Amino acid sequence: MSENTITFEIDGVEVQGIAGQTIMAAADAVGIYIPRLCAFEGLPPFGSCRICTVKVNGRFQSACTQPIAEGIMVENDTEELLELRRNLVDMLFVEGNHFCMFCEKSGNCELQALAYRFGIAAPKYPYMFPADRNVDATHKDIFIDHNRCVLCARCIRASHDLDGKNVFQFVGRGPQKRIAVNSTAKLVGTDIDVTDQAVAVCPVGAILKKRVGYTIPVGQRKYDHEPIGSDIEANKQ
Amino acid sequence: MTKEQNRIMAKPKVATTSLAGCFGCHMSILDIDERILQLIELIEFDKSPINDIKEFTGECLVGIVEGGCANEENVRVLQDFRKHCKILISLGDCAINGGLPAMRNTIPLKECLDEAYLNGPSVYNPSGQIPNDPEIPLLLDKVYPCHEVVKMDYHLPGCPPSADTIWQTLVALLTDAPLELPYELIKYD
């Protein structure tokens, strides 16, 4: 055991991680799934969606940003945190216009998969049906449907950090906050390419490639049979 | 206990309706195939498009509602269901979130009507009239999920929910057994 090893607890089970790891990364490594939406492997942590909220020594922290420390007691799979995460997913569903029944991303959507995993039959909050969300289909290979955007900023981070471009950015504050593109001529005026990571990392059906929708039949999609996080839990030691 | 109550206790009644839906969820009910014979052992259908009974004949144990509320008649039928049914189930995405009809919720109602009856590219309407007969139920300002109109007891998502989802739920309800739907039976599409 190297001196970099840190021992702590998740839900009463002793686990070990490497100094500098976040709680989420350490949990992933030992096969404990902490639900997440804005976090994406390969992108720096962002900590905005709060789905990965855990309790560390009794205080709420986002597992994707909080580093592990010797002896900390992390709560993850508890009724209280499940309720909190369920409420967050409920709010995301009512805040946008999420029509799963015709969405191309259905079955491969991480927001939907979280709702499945949490057993949500219907959101508890009233639907807002916002009217100010538009669709930008100006690009020949890609379109953005702002109705489905959950403001996770994965596209912003991936474009900047992985693609070496700067296609997306947040504009506005509070309820007006939205993703904008770095061009007055909409998406077609940017240097985005269909092979960019910024396109691939969208967890929902907000940024989609054209002409490939519905190619995977129902029953063979990512979350048709196994809940989200099953791949991580398969590594359980 | 009156004779009437006794009869209800003997064989619970189930009512179904399609509000602003496409009848796809009702097709999914019929997709339980030969199990419908077992279902008939357990229940009796009251007001439902399946048997074409138009009005409630009494109190029902379960009311199954497909579709959300797009017009005033939908609201009246839904309130009638609430009054007559002990347990109300939202069946399918339209009942739960308005579904496809709710796509109009982001567009003002007048714009929707103008597009449908005046400005649409294939519209031929020389009189320029938008249908306004008292027989036609008035449209609501937007399409409402059922649980935003009356209290709904259970929600079965899906477009449509699979026959297995419907079957397992009904059997659990009617036999007083706990309902544990497997992961594959809760889907939003």
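Here is the naming used below: chain letters follow the sequence lines, and residue numbers restart at 1 for every chain. Small disclaimer: the values here were computed from a predicted structure and weren't measured.
One distance of note links CG of B:Leu100 with CE of A:Met101; it measures 6.0 Å at 0.5 Å rounding. Distance check, rounded to the nearest 0.5 Å: CG of A:Asn147 to CE of B:Met103 gives 8.0 Å. Here the straight-line distance linking atom CZ of A:Phe129 with atom CD1 of B:Ile107 works out to 12.5 Å at 0.5 Å rounding.
Contacts between residues 174-189 of chain B and chain A, counted as heavy-atom pairs separated by less than 4.5 Å, involve B:Tyr183, B:Glu184, B:Ile186, B:Lys187, B:Tyr188, B:Asp189.
Summarising the local packing, OH of B:Tyr154 is surrounded by 12 or fewer heavy atoms from other residues, nucleotides or ligands at distances under 6.0 Å. Environment of NZ in B:Lys83: sparse, with no more than 12 heavy atoms of neighbouring residues, nucleotides or ligands closer than 6.0 Å. Enclosure of atom CZ in A:Arg211 by more than 12 non-hydrogen atoms of other residues, nucleotides or ligands within 6.0 angstrom is indicated. In this structure, A:Lys222 places its NZ atom where only 12 or fewer heavy-atom neighbours from other residues, nucleotides or ligands lie under 6.0 Å away. Remark: B:Phe23 CZ is packed, more than 12 non-hydrogen atoms of other residues, nucleotides or ligands lying under 6.0 Å away. Residue B:Met27 qualifies as open at atom CE: its count of foreign heavy atoms under 6.0 Å is 12 or below. By the 6.0 Å contact criterion, NZ on A:Lys124 is enclosed, its count of non-hydrogen atoms from other residues, nucleotides or ligands being greater than 12. In this structure, A:Glu104 places its CD atom where more than 12 heavy-atom neighbours from other residues, nucleotides or ligands lie under 6.0 Å away.
In this structure, chain B has a heavy atom under 4.5 Å from the side chain of A:Phe93, while its backbone stays farther away. For A:Tyr116, the parts sitting under 4.5 Å from any heavy atom of chain B are the backbone and the side chain alike. Residue A:Asp224 touches chain B through both its backbone and its side chain, counting heavy-atom pairs closer than 4.5 Å. Both the backbone and the side chain of A:Tyr127 have a heavy atom closer than 4.5 Å to some heavy atom of chain B.
What you find for B:Ile96 and A:Ala122 is that their closest heavy atoms are CG2-CB, 3.6 Å. Residues A:Pro126 and B:Glu148 share a closest heavy-atom pair of CA-OE2, 3.4 Å.
Of the listed residues (B:Gly92, B:Cys159, B:Gly99, B:Gly98), the one with the most heavy-atom contacts under 4.5 Å to chain A is B:Gly99.
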